[in-house]
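For reference, the structure discussed in these notes is given below.
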2 protein chains.
Amino acid sequence: MKKKLTLKQIARELDVSVSTVSKALRDSAEISEDTRQKIKAFAKLYNYKPNNIALSLKNRKTKTIGVIIPEIVHHFFTTVISGIEQVANERGYHVIICMSNNSFDKEVINMELLANGSTDGFIISVAKETQQKQDYHHLNEVVNQGMPLVMFDRVIDEINCDKVIIDDTIGAKKAVQKLIDLGSKNIGIITTVDYVSVGKLRTEGYYKALRENNIEVNEDLILRVEDFDRSEEEIKAFLSQRKVDGLFAVNEHFAIYAIKAVQEQGLKVPEDVSVIGFTDGELSKQFMPSLTTVSQHGAEMGAQAARLLIRKLENTEMEEGPHQTIIIETGLVERNSTKH
Amino acid sequence: MKKKLTLKQIARELDVSVSTVSKALRDSAEISEDTRQKIKAFAKLYNYKPNNIALSLKNRKTKTIGVIIPEIVHHFFTTVISGIEQVANERGYHVIICMSNNSFDKEVINMELLANGSTDGFIISVAKETQQKQDYHHLNEVVNQGMPLVMFDRVIDEINCDKVIIDDTIGAKKAVQKLIDLGSKNIGIITTVDYVSVGKLRTEGYYKALRENNIEVNEDLILRVEDFDRSEEEIKAFLSQRKVDGLFAVNEHFAIYAIKAVQEQGLKVPEDVSVIGFTDGELSKQFMPSLTTVSQHGAEMGAQAARLLIRKLENTEMEEGPHQTIIIETGLVERNSTKH
DNA sequence: TACTGGTACGAAAACGTTTTCGTGTTGAAA
DNA sequence: TTTCAACACGAAAACGTTTTCGTACCAGTA
């Protein structure tokens with residue numbers, strides 16, 4: 001159980017000074033070829049690796065980026081993380097992930113923890129509770145400290161920082177337009193309560209598509225799910241009293257529950273009712289019928305977010321530049337829950 | 001954009017020494033009530049927070065634990081992470097997650113990176129490639145440095161460390177026994193090639209259950225999937241030429257593909273063929289028919305792993321103690337892919 | 001008065017690096 | 001012989017903490 005080797009130990013062992021060792025290992029011209037070789041050989045033999053913590057302290061940068069997400073057990077977020085990891089690692093950064101579990105308090109605690117030296121910057125998708133409370137002091141604080149911050153997916157307009165979002169509204173509009181093109185006349189939507197920003201935006205897309213096709217909006221065909229844990233029941237109850245031939249759901253689960261409810265009524269998907277979901281997860285692919293969805297390209301979102309952050313991190317000068325918002329296009333993946 | 005406040009700045013501002021500030025903030029009795037109040041008030045006003053990096057360097061511990069997993073886009077691993085996060089956060093640790101993407105090289109790089117001061121210990125499930133190559137030098141190195149290491153799920157017997165596993169063999173045996181009890185006579189298994197430790201163990205459970213019931217093993221009913229990316233085709237081809245009335249699959253996806261293949265042949269699940277999977281993910285719950293599975297209790301695995309690691313971290317004395325292996329019991333979740 | 005002891009604070013070392021700025025030794029030019 | 005670079009290395013500061021030790025001051029005691 002030998003502890004890690006330090007410069008000091010090498011110096012003592014080889015009877016030179018710490019500075020000499022450091023310089024030799026960094027190939028400084030100041031050190032003679034001879035000693036340089038000797039030191040490097042020794043370091044290699046005993047597998048010397050510089051201590052990251054000491055480096056971080058010295059350089060005042062950690063080469064790590066902090067990612068804060070509401071929940072990890074969610075396919076979309078894991079794909080985003082994959083994207084972040086990939087570009088971060090390519091550029092020599094590593095990634096710390098913390099979950100807020102959709103709790104405002106945990107989000108604040110995690111951010112404060114990581115902000116005190118552990119990370120150079122943040123990539124975050126805020127907790128539902130934060131959107132609801134509209135308390136953004138922790139985010140502002142980080143920004144004021146001059147720490148780069150990139151928000152993705154669930155972003156907050158009031159915060160001045162880089163953002164990566166998808167065109168929720170357009171994506172939703174495309175989906176609803178698809179339903180219209182397929183001949184659906186009575187199109188329902190299953191969405192969330194309005195304070196969830198993406199839910200709201202997707203609902204807007206629904207409105208827009210209808211309006212653009214001169215279809216009158218029937219508020220009775222809109223379900224705003226209150227309680228995620230009871231969503232299956234809410235959806236079943238809702239559909240049992242409506243007659244629809246097209247359904248747009250703002251996430252994968254709502255879509256699945258909707259299909260099940262429809263099937264229980266003896267109707268067929270997609271023959272009687274076409275269904276389109278949002279977020280392209282494993283479930284959409286494997287479910288039968290497989291689900292037509294608006295795909296979010298999570299990995300690309302993550303990659304873009306990481307790129308934005310790293311650019312800010314490495315542009316120390318001009319870091320006060322204007323903030324960008326990158327919009328990732330959505331795609332429509334057609335599968336078997338819609339007619340062909 | 002004010003940079004973070006340091007002890008030194010407070011000291012200068014209040015015209016005392018750095019040591020005084022530090023002591024005052026830590027409520028040392030050495031400092032007079034007066035100055036203590038003054039300093040604390042100032043620190044609070046300007047929201048002073050100690051720099052974690054400096055603390056880590058000083059204390060030679062980082063209060064973070066490194067988690068290395070093969071892939072994150074996998075429901076089982078995300079539940080494990082949830083479990084780890086939860087107990088880690090409770091005890092004041094945070095968690096760094098790195099993915100190996102099932103690549104040996106990336107696993108090595110990530111571990112070396114994190115081992116150089118970034119983390120106090122590791123929780124790891126090794127990459128497939130590592131199991132295949134049987135090259136464990138990076139793991140041994142970490143252990144030799146005296147860094148606590150906990151392995152979970154995909155563990156390596158040769159490494160001497162704490163481990164958290166599930167009773168793969170028993171779990172599989174239970175599942176196959178269930179199929180037998182349900183009256184299946186020709187029970188097939190869809191498993192992985194043998195170097196994946198969990199696949200091998202689950203296959204053993206299959207053998208055991210058959211033997212204990214005096215059923216002759218028919219090697220022709222065993223499919224060892226070679227290529228994950230082509231598993232759907234392999235499974236379809238395999239099943240098209242076998243006649244089975246019971247199927248055990250070592251993971252969720254294999255089970256789903258099996259069901260699809262069976263249904264394509266015009267057979268019904270569970271009436272004609274009963275199917276049981278392994279790993280209880282979203283897919284198992286939502287698929288139709290919903291899937292009877294052996295559940296792995298990922299969150300509990302994670303929690304136990306974190307507990308083991310933290311115990312080692314905090315027991316500096318006696319840290320050479322014997323290593324434990326905790327076995328998490330599996331459960332059998334009965335759903336609609338088996339008869340009732 | 002001279003000593004003791006307590007109080008309240010500061011100096012400095014330490015953690016492991018990197019980097020700036022000396023400085024002693026050499027060989028060659030003047 | 002003296003002077004001056006060039007060379008090869010070391011000392012020390014710095015990053016932000018905590019902690020040990022030292023010490024100035026004062027009051028109380030002998």
inquiry  = How many whole angstroms separate atom CG of B/Leu57 from atom C1' of D/dT18?
reply    = 11 Å
task = Mark yes when over 12 heavy atoms from residues, nucleotides or ligands other than B/Glu129 sit less than 6.0 Å from its CD; otherwise mark no.
result = yes
key: A/Asp27 atom CG: more than 12 heavy-atom contacts under 6.0 Å   = yes
ask   = A/Phe42 vs A/Tyr46 aromatic rings, parallel, tilted or perpendicular, using cut-offs 30° and 60°?
value = tilted
task = Rounded to the nearest angstrom, tell me the gap between atom CD1 in A/Ile31 and atom C1' in D/dC7.
result = 10 Å
ask   = In a check of side-chain hydrogen bond (donor to acceptor under 3.5 Å, both in side chains) between A/Thr130 and each of A/Arg154, A/Glu107, A/His138, which one passes?
value = A/Glu107
request  = Give B/Leu7 one of three labels, base, sugar-phosphate or nothing, depending on what nucleic acid heavy atoms sit under 4.0 Å from its own.
outcome  = base
remark   = Rounded to whole Å, NZ of B/Lys38 lies from P of C/dA8 at a distance of 13 Å
remark   = Whole-Å distance, A/Lys61 NZ to D/dA14 C1', equals 17 Å
ask   = Considering only C/dG16, D/dC9, D/dG16, which nucleotide approaches the side chain of A/Glu30 most closely?
value = D/dC9
ask   = Nearest-Å distance, CZ (B/Arg36) to C1' (C/dA8)?
value = 11 Å
task = Measure the distance from NZ on A/Lys58 to P on D/dA13 and round it to the nearest whole Å.
result = 13 Å
request  = Would you mind classifying the nucleic acid contact of A/Thr35 as base, sugar-phosphate or nothing, using non-hydrogen atoms under 4.0 angstrom?
outcome  = sugar-phosphate
Short side-chain N/O contact to D/dG16 OP1/OP2 from A/Arg60, under 4.0 Å = yes
Pair A/Asp162 + A/Arg311, salt bridge at N-O below 4.0 Å = no
request  = Rounded off to whole Å, could you give me the CG-to-C1' distance for the A/Asn51 and C/dT18 pair?
outcome  = 13 Å
query = Is the phosphate of C/dG16, meaning OP1 or OP2, less than 4.0 Å from a side-chain N or O of A/Tyr48?
reply = no
task = Go through residues 14-29 of chain B and report each residue with a non-hydrogen atom lying under 4.0 Å from DNA chain C, sorted by number.
result = B/Val16, B/Ser17, B/Ser19, B/Thr20, B/Lys23
inquiry  = Under 4.0 Å from OP1 or OP2 of D/dC7: is there any side-chain N or O of A/Ser32 that close?
reply    = no
remark   = side chain to side chain contact (heavy atoms under 4.5 Å, CB included) test vs A/Ile31 passes for just one of A/Gln37, A/Lys38, A/Lys23, namely A/Lys23
note = B/Asn116 atom CG is separated from C/dC15 atom P, nearest whole Å, by 18 Å
